[in-house]
Amino acid sequence: MDALQAIFTRRSVRHFTAEPVSAADVELLLRAAMNAPSAGNGQPWEFVVIRSRAVLDALTQVHQSVRVIQEAPLIILVCAVMARERKPGRWPLDCSAAAQNMLLAAHAGGLGAVWLGVWPAPERLEGVARVACLPDGVVPVAMIAVGHPAESIPPSDRFDPQRIHNDRW
């Protein structure tokens, strides 16, 4: 699958089969994430790969996407290490670019994935950080639920030329 096909056909998958995701697939997703652009090349990200059903179940207590978490064979938690921030305030953008790369790589590799936001909701930040045992100075940005899709969602053309402005608004 080429890059444009991945972009135009990727959809959020919220239902997964019980089939586990291979270590090789997880490594590919993490490699894609770590190849994202970042401000000043700070690469402020680190990732927690969560496969433990006990930890996944604990996440259902602190995030509203309970059904997705229950069905996903794994979640990759995208975190920002504040000490690595090179350009103040840019870490959410950097980690979001890493998360998007992961979503596209999952789709291109035949996996399903969905972005579950953590930052900036205070109740999610605290709960996810506690469940994942994050040290001080590490902020959970997003959880990417990954698995083999149990559903097929057709592409959607979201292009809207009325949202385009030339030279000025």
Side-chain angles (χ1 to χ4, degrees), residues 3-4 6-14 16 21 23-52 54-70 72-109 111-147 158 163-165 169:
L4 289 176
I7 290 167
F8 292 136
T9 61
R10 189 211 67 81
R11 297 300 306 263
S12 294
V13 174
R14 293 176 175 84
F16 306 98
V21 177
D25 282 340
V26 172
E27 181 177 326
L28 182 67
L29 299 181
L30 294 170
R31 284 181 174 277
M34 291 183 202
N35 272 284
S38 61
N41 198 29
Q43 303 174 33
W45 46 66
E46 289 209 17
F47 306 89
V48 180
V49 179
I50 303 169
R51 293 181 186 270
S52 161
V55 178
L56 292 168
D57 288 345
L59 287 172
T60 67
Q61 304 302 309
V62 297
H63 197 284
Q64 78 279 5
S65 295
V66 174
R67 187 189 72 225
V68 174
I69 297 168
Q70 288 172 333
L74 74 91
I75 283 179
I76 300 175
L77 178 59
V78 181
C79 300
V81 177
M82 300 311 292
R84 287 200 202 117
E85 180 182 39
R86 290 208 181 146
K87 303 284 184 177
R90 304 285 174 80
W91 59 268
L93 305 173
D94 298 342
C95 290
S96 294
Q100 178 68 12
N101 274 13
M102 206 180 316
L103 291 169
L104 290 169
H107 177 57
L111 295 170
V114 63
W115 179 315
L116 307 173
V118 177
W119 183 85
E123 67 283 355
R124 285 188 233 151
L125 286 166
E126 295 166 13
V128 170
R130 181 176 30 77
V131 169
C133 301
L134 300 182
D136 289 342
V138 176
V139 177
V141 178
M143 299 188 305
I144 307 300
V146 181
R158 298 176 182 175
R163 293 184 179 212
I164 299 169
H165 309 275
W169 191 278

Within-4.5 Å side-chain heavy-atom neighbours: Arg11 and His107:
no

When rounded to the nearest 0.5 angstrom, what is the spacing between CG in Leu74 and CD1 in Ile69?
12.5 Å

Heavy-atom nearest pair, Ala72 first then Phe16, reads CA-CD1, 3.7 Å

Set of residues satisfying salt bridge (charged side-chain N to carboxylate O under 4.0 Å, His left out) with respect to Glu46, sequence neighbours excluded:
Arg84

Atom of Ala99, atom of Val78 and distance for their closest heavy-atom approach
CB-CG2, 4.3 Å

Quick check: does any side chain N or O of Ser52 sit under 3.5 Å from a backbone N or O of Val55, one acting as donor and the other as acceptor?
yes

Please report the closest heavy-atom contact between Arg124 and Val62, naming both atoms and the distance.
CG-O, 3.8 Å

Gap separating the CD1 atom of Ile144 from the CD1 atom of Ile50, nearest 0.5 angstrom
11.5 Å

Short question: side chain of Ser38, backbone of Gln43 - any donor-acceptor pair under 3.5 Å?
yes

Minimum heavy-atom distance between Pro73 and Val21, given as atom pair plus value:
CG-CG2, 4.0 Å

In short, Ser12 meets Arg14 closest at the heavy-atom pair CB-NH1, 3.5 Å

For His63 and Gly117, indicate whether the former's side chain and the latter's backbone hold a donor-acceptor pair under 3.5 Å.
yes

Just by distance, do the side chain of Gln100 and the backbone of Leu104 share a donor-acceptor pair under 3.5 Å?
no

Could you tell me whether the side chain of Arg86 and the main chain of Gly40 form a donor-acceptor pair under 3.5 Å?
yes

Quick one: CH2 on Trp45 to SG on Cys79, what's the gap to the nearest 0.5 Å?
13.5 Å

Give the C-alpha distance, both sets of side-chain angles, the deciding distance and a yes or no for side chain to side chain contact (heavy atoms under 4.5 Å, CB included) between Val48 and Leu134.
CA-CA 9 Å; Val48 180; Leu134 300 182; 4.2 Å; yes

Check ion pair Glu126-Arg130 (N to O, under 4.0 angstrom)
no

Kindly check if the number of other-residue, nucleotide or ligand heavy atoms within 6.0 Å of CZ (Arg51) is above 12?
yes

Which distance, rounded to the nearest 0.5 Å, do you find between the CG of Leu30 and the CG of Asp25?
11.0 Å

If you look at every heavy atom in Val68 and Ala145, which pair is closest and at what distance?
CG1-CB, 3.7 Å

How long is the straight-line distance from CZ of Arg163 back to CZ of Arg158, given to the nearest 0.5 Å?
11.0 Å

Starting at CG of Leu116, measure out to CD1 of Ile76 and round the result to the nearest 0.5 Å.
12.0 Å

Among Leu77, Val118, Val131, Val66, side-chain contact (heavy atoms from CB on, under 4.5 Å) partner for Leu59
Val131

